J.: 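Sharing a structure below in structure tokens format, with a few things to ask.
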Amino acid sequence: MSDPMRPPASPRRPHATSLRSDPSRPRASLRTAVVWEVLQDAVDRRTKATGRESLDILDTGGGSGNFAVPVARLGHRVTVVDPSPNALFALERRAAEAGVADRVRGVQGDTHGLFDVVERGGFDVVLCHGVLEYVDDPVEGVRNVVAALRAEGVLSLLAAGLGGAVLARALAGHFTEAMQALDDPNGRWGSGDPVPHRFTAEQLTGLVEGAGLRVGAVHGVRVFADLVPGVLVDTEPGALEALLKLEEAAAELPAFHSVATQLHVLGETRGDGEA
């Protein structure tokens, strides 16, 4: 598959809390909490700026709706583009169970042929999470998703971080693979590496700025979560919440971006949110 695709608090904040503390998926919250908080703040800002109660949001490579369904629960209209029919079927079922089927639409496609299935310039917010790693041309991929934005809009870009992969291979004792990932232009540790592209924070911000957006924020995601033994998080009282707080505290610090498993960049149309 080559192409799958802090202002004042909002009264909608309880939805964010439920996402962070889902007791049935304790480890999942470590993977989504930082991104969700940043995304929800951006969506709230855009909603206020437009004066509309509901935004049009595009989730490229959105799969079964990990972000699309919670965003729809906030009252927004979400279009999910994904190449997998199975993922889209799961999305439909998940949206129905959450009571937001009327606000979630799934269409089969990818970023390369994005405008074969959605409108160019038709969205207030675009999510591009876990997609850029798999596109043949990341520059084209970012330009396509940015072209889906309206004149004023926000891009949420989440992609695999180079430093996190190098650190993980080294800590596992695979020093040659760690060195190869460090030297490889795509950040791959070998022919068996399932991830075609990894990025540094500088590379991702360069792609966003090159597509005409300004960078609103950069966050490291899963700085510690992938290095901490799962048994500790699952069994030690209070460990999950403490680790979540640590992740959130480190996410904005540039020193930790270089070792994060994923990097999140918030891009905004130039002038958006400025006086």
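Just so it is clear, the model here is predicted, and its values are computed rather than measured.
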J.: Measure the spacing between CD of Glu209 and CZ of Arg214 and express it to the nearest 0.5 Å.
T.: 10.5 Å
J.: With the threshold set at 4.0 Å, does a side-chain nitrogen-carboxylate oxygen contact exist between Arg198 and Asp193?
T.: yes
J.: Checking the side chain of Ser258 only, and the main-chain atoms of Gly163 only, is there a donor and an acceptor separated by less than 3.5 Å?
T.: no
J.: Are side-chain N/O atoms of Thr261 and Asp226 paired as donor and acceptor at under 3.5 Å?
T.: yes
J.: Quick check for you: to the nearest 0.5 Å, what is the distance between Leu240 atom CG and Lys245 atom NZ?
T.: 11.0 Å
J.: Find out whether Leu155 and Glu268 are in side-chain contact, i.e. whether some heavy atom of one side chain is under 4.5 Å from a heavy atom of the other.
T.: no
J.: Can a salt bridge be assigned to the pair Arg46 and Glu152 using a cut-off of 4.0 Å between side-chain N and carboxylate O?
T.: yes
J.: Please check this pair: side chain of Glu247 against backbone of Val221, looking for a donor-acceptor N/O pair closer than 3.5 Å.
T.: no
J.: Would you name the heavy atoms of Ala170 and Phe175 that are closest together and state the gap between them?
T.: O-CE2, 3.1 Å
J.: Can you measure from CG (Asn66) to OG1 (Thr32) and round to the nearest 0.5 angstrom?
T.: 8.0 Å
J.: One pair to check against salt bridge (Lys or Arg N to Asp or Glu O under 4.0 Å): Asp102 and Arg77. What are the steps and the verdict?
T.: CA-CA 8 Å; Asp102 59 329; Arg77 297 176 295 272; over 6 Å; no
J.: Salt bridge check, Glu133 against Arg188: does any charged N sit closer than 4.0 Å to a carboxylate O?
T.: no
J.: If Ile, Leu, Val, Met, Phe, Trp and Tyr residues are connected whenever their side-chain heavy atoms lie under 4.5 Å apart, and connections chain through other members, are Leu244 and Leu227 in the same group?
T.: yes
J.: Check whether any side-chain heavy atom of Asp110 sits under 4.5 Å from a side-chain heavy atom of Val81, and report yes or no.
T.: no
J.: Evaluate Arg105 against Val78 for side-chain contact (heavy atoms from CB on, under 4.5 Å), listing each step before the verdict.
T.: CA-CA 6 Å; Arg105 179 173 72 103; Val78 187; over 6 Å; no
J.: Please step through side-chain contact (heavy atoms from CB on, under 4.5 Å) for the pair Ile57 and Asp124, ending with a clear verdict.
T.: CA-CA 6 Å; Ile57 297 178; Asp124 301 290; 5.6 Å; no
J.: Please check if the side chain of Arg103 supplies one atom and the backbone of Ala72 the other of a donor-acceptor pair under 3.5 Å.
T.: yes
J.: Please report the closest heavy-atom contact between Ala68 and Leu91, naming both atoms and the distance.
T.: CB-CD1, 4.5 Å
J.: Which of these, Val118, Val145, Val154, sits in a side chain to side chain contact (heavy atoms under 4.5 Å, CB included) with Phe123?
T.: Val118
J.: May I ask you to decide if the ring planes of Phe67 and His129 are parallel, tilted or perpendicular, using 30° and 60° as cut-offs?
T.: perpendicular
J.: Do Leu171 and Val166 sit in the same hydrophobic cluster, where Ile, Leu, Val, Met, Phe, Trp and Tyr count as joined when their side-chain heavy atoms come under 4.5 Å apart?
T.: no
J.: So how far is it from Gln40 CD to Ser156 OG, rounded to the nearest 0.5 Å?
T.: 12.5 Å
J.: Measure the spacing between CD of Gln108 and CG of Leu88 and express it to the nearest 0.5 Å.
T.: 6.5 Å
J.: Donor-acceptor pair, Ser84 side chain versus Ala87 backbone, under 3.5 Å?
T.: yes
J.: Of the non-hydrogen atoms in His257 and Ala201, which two are nearest, and what is the gap between them?
T.: CB-CB, 4.4 Å
J.: Evaluate side-chain contact (heavy atoms from CB on, under 4.5 Å) for Asp56 paired with His76, printing each intermediate quantity in order.
T.: CA-CA 6 Å; Asp56 294 304; His76 303 294; over 6 Å; no
J.: Is it true that Val215 and Leu132 fall in one hydrophobic cluster, defined by side-chain heavy atoms closer than 4.5 Å?
T.: yes
J.: Where is the tightest heavy-atom contact between Ala260 and Gly220, given as atom of each residue plus distance?
T.: CB-CA, 3.7 Å
J.: Report yes if the side chains of Leu127 and Leu39 come closer than 4.5 Å at any heavy-atom pair, otherwise no.
T.: yes
J.: Examine distances only and state if a side-chain atom of Asn186 and a backbone atom of His197 form a donor-acceptor pair shorter than 3.5 Å.
T.: no
J.: Heavy atoms only: give me the nearest Val195-Ala160 pair and the separation to one decimal.
T.: CG1-CB, 4.3 Å
J.: Name the orientation class of the two ring planes belonging to His219 and His264 (parallel below 30°, tilted from 30 to 60°, perpendicular beyond 60°).
T.: tilted
J.: Quick check: is Val259 connected to Leu182 through a chain of hydrophobic side chains (ILVMFWY, heavy atoms under 4.5 Å apart)?
T.: no
J.: Is the shortest side-chain heavy-atom distance between His174 and Trp189 below 4.5 Å?
T.: no
J.: Taking Gln262 as the fixed residue, which of Val34, Leu158, Val35 is the one that meets the side chain to side chain contact (heavy atoms under 4.5 Å, CB included) rule?
T.: Leu158
J.: Just verifying a value: how many Å separate Asp59 CG and Asp82 CG, rounded to the nearest 0.5 Å?
T.: 8.5 Å
J.: Would you please test Phe199 and Leu162 for side-chain contact (heavy atoms from CB on, under 4.5 Å) and show each step?
T.: CA-CA 5 Å; Phe199 306 89; Leu162 170 62; over 6 Å; no
J.: Considering only heavy atoms from C-beta outward, does the side chain of Phe89 approach that of Asn86 to under 4.5 Å?
T.: no
J.: Using the rule side chain to side chain contact (heavy atoms under 4.5 Å, CB included), only one of Val71, Leu74, Val125, Asp44 pairs with Leu55; which is it?
T.: Val125
J.: Decide yes or no for Leu266 and Val218: does some side-chain heavy atom of the first lie under 4.5 Å from some side-chain heavy atom of the second?
T.: no
J.: Evaluate whether atom CD of Glu92 has more than 12 neighbouring non-hydrogen atoms of other residues, nucleotides or ligands under 6.0 angstrom away.
T.: no
J.: Provide the closest heavy-atom pair for Val69 versus Ala98 in the form atom of the first, atom of the second, distance.
T.: CG1-CB, 3.6 Å
